[in-house]
Amino acid sequence: GENVEQHPSTLSVQEGDSAVIKCTYSDSASNYFPWYKQELGKRPQLIIDIRSNVGEKKDQRIAVTLNKTAKHFSLHITETQPEDSAVYFCAAWEDSSYKLIFGSGTRLLVRP
Amino acid sequence: EAQVTQNPRYLITVTGKKLTVTCSQNMNHEYMSWYRQDPGLGLRQIYYSMNVEVTDKGDVPEGYKVSRKEKRNFPLILESPSPNQTSLYFCASSLGTGGEKLFFGSGTQLSVL
């Protein structure tokens with residue numbers, strides 16, 4: 001089945017800098033890759049997603065890139081702000097079992 | 001307001017005492033799922049449901065039961081809870097069955113003593 005690995009597990013950046021979180025997946029049949037943000041004590045919330053027929057998608061300060069050949073995708077946050085501090089999860093949709101497989105999460109800290 | 005409602009938010013119980021965590025969505029979503037979240041392990045799927053009366057196991061189904069008698073409700077049942085089921089539980093739903101825009105409930109923090 002699908003396996004998703006996420007790096008780094010923790011990331012500390014200065015306010016205004018960029019942050020990049022990377023994920024790899026194992027099943028070449030996976031075709032949907034969302035990113036979720038989870039603030040302390042809150043539910044995971046979808047922030048951006050991408051389908052495998054698209055290489056890049058952007059929404060204001062957030063972008064996701066996908067390399068199908070290498071089976072990896074990345075989240076890019078530019079001009080980081082303290083409110084970006086949270087745990088970020090990548091995921092891949094496994095069609096054969098109808099489930100999202102999540103990475104283990106990245107704790108992002110944006111220092112003021 | 002579109003939402004997935006879980007109850008209770010917090011629950012402390014003892015080993016062996018049956019409990020049910022309720023989940024209800026008001027978005028007419030086809031797909032519903034239960035996840036548990038444990039430190040360092042991310043979110044792991046327990047059960048999912050494609051539609052009414054259609055349920056199937058996820059990655060960690062042992063010790064759990066579910067039912068989908070109505071489209072909006074998807075309760076999680078622990079017949080005989082054990083301490084290793086202490087975890088944060090999330091119910092989630094999406095309109096289609098392709099995993100897109102999975103919407104999570106607020107979570108249930110369960111402690112089994």
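Sequence lines set the chain letters: A, B, ... in the order given, protein chains first and strands last, and positions in each chain run from 1.
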Between chain A and chain B, which donor-acceptor pairs sit under 3.5 Å apart?
from   : atom 1 : to     : atom 2 : distance (Å)
B:Y31  : OH     : A:Y98  : O      : 2.6
B:Y35  : OH     : A:L100 : N      : 3.3
B:Y35  : OH     : A:L100 : O      : 3.3
B:Q37  : OE1    : A:Q38  : NE2    : 3.0
B:Q37  : NE2    : A:Q38  : OE1    : 2.8
B:D59  : OD1    : A:K99  : NZ     : 2.2
B:D59  : OD2    : A:K99  : NZ     : 3.3
B:G98  : O      : A:W93  : NE1    : 3.4
B:E100 : OE2    : A:R51  : NE     : 2.4
B:E100 : OE2    : A:R51  : NH2    : 2.5
B:K101 : N      : A:Y32  : OH     : 3.1
B:K101 : NZ     : A:D49  : OD1    : 3.3
B:K101 : NZ     : A:D49  : OD2    : 2.8
B:L102 : N      : A:Y36  : OH     : 3.3
B:L102 : O      : A:Y36  : OH     : 2.8
B:F104 : O      : A:R43  : NH1    : 2.8
B:S106 : OG     : A:R43  : NH2    : 2.8

Answer yes or no: is there a side-chain heavy-atom contact under 4.5 Å between [X] and [Y]?
X      : Y     : answer
A:L100 : A:P34 : yes
A:L66  : A:V64 : no
A:I62  : A:L75 : yes

If you tally heavy-atom pairs under 4.5 Å between each of B:G58, B:G105, B:G107, B:G40 and chain A, the highest tally belongs to B:G105
Inset, instruction - Flag yes if B:I46 and B:F104 sit in one hydrophobic cluster, no otherwise; membership is Ile, Leu, Val, Met, Phe, Trp, Tyr, and two members link when side-chain heavy atoms are under 4.5 Å apart. - result: no
Give the intermediate values and the outcome of side chain to side chain contact (heavy atoms under 4.5 Å, CB included) for residues A:I77 and A:V110. CA-CA 11 Å; A:I77 306 173; A:V110 181; over 6 Å; no
With side chain to side chain contact (heavy atoms under 4.5 Å, CB included) as the criterion, how do A:C90 and A:V4 come out once you've worked through the C-alpha distance, each side chain's angles and the decisive distance to 0.1 Å?
CA-CA 8 Å; A:C90 64; A:V4 177; 3.5 Å; yes
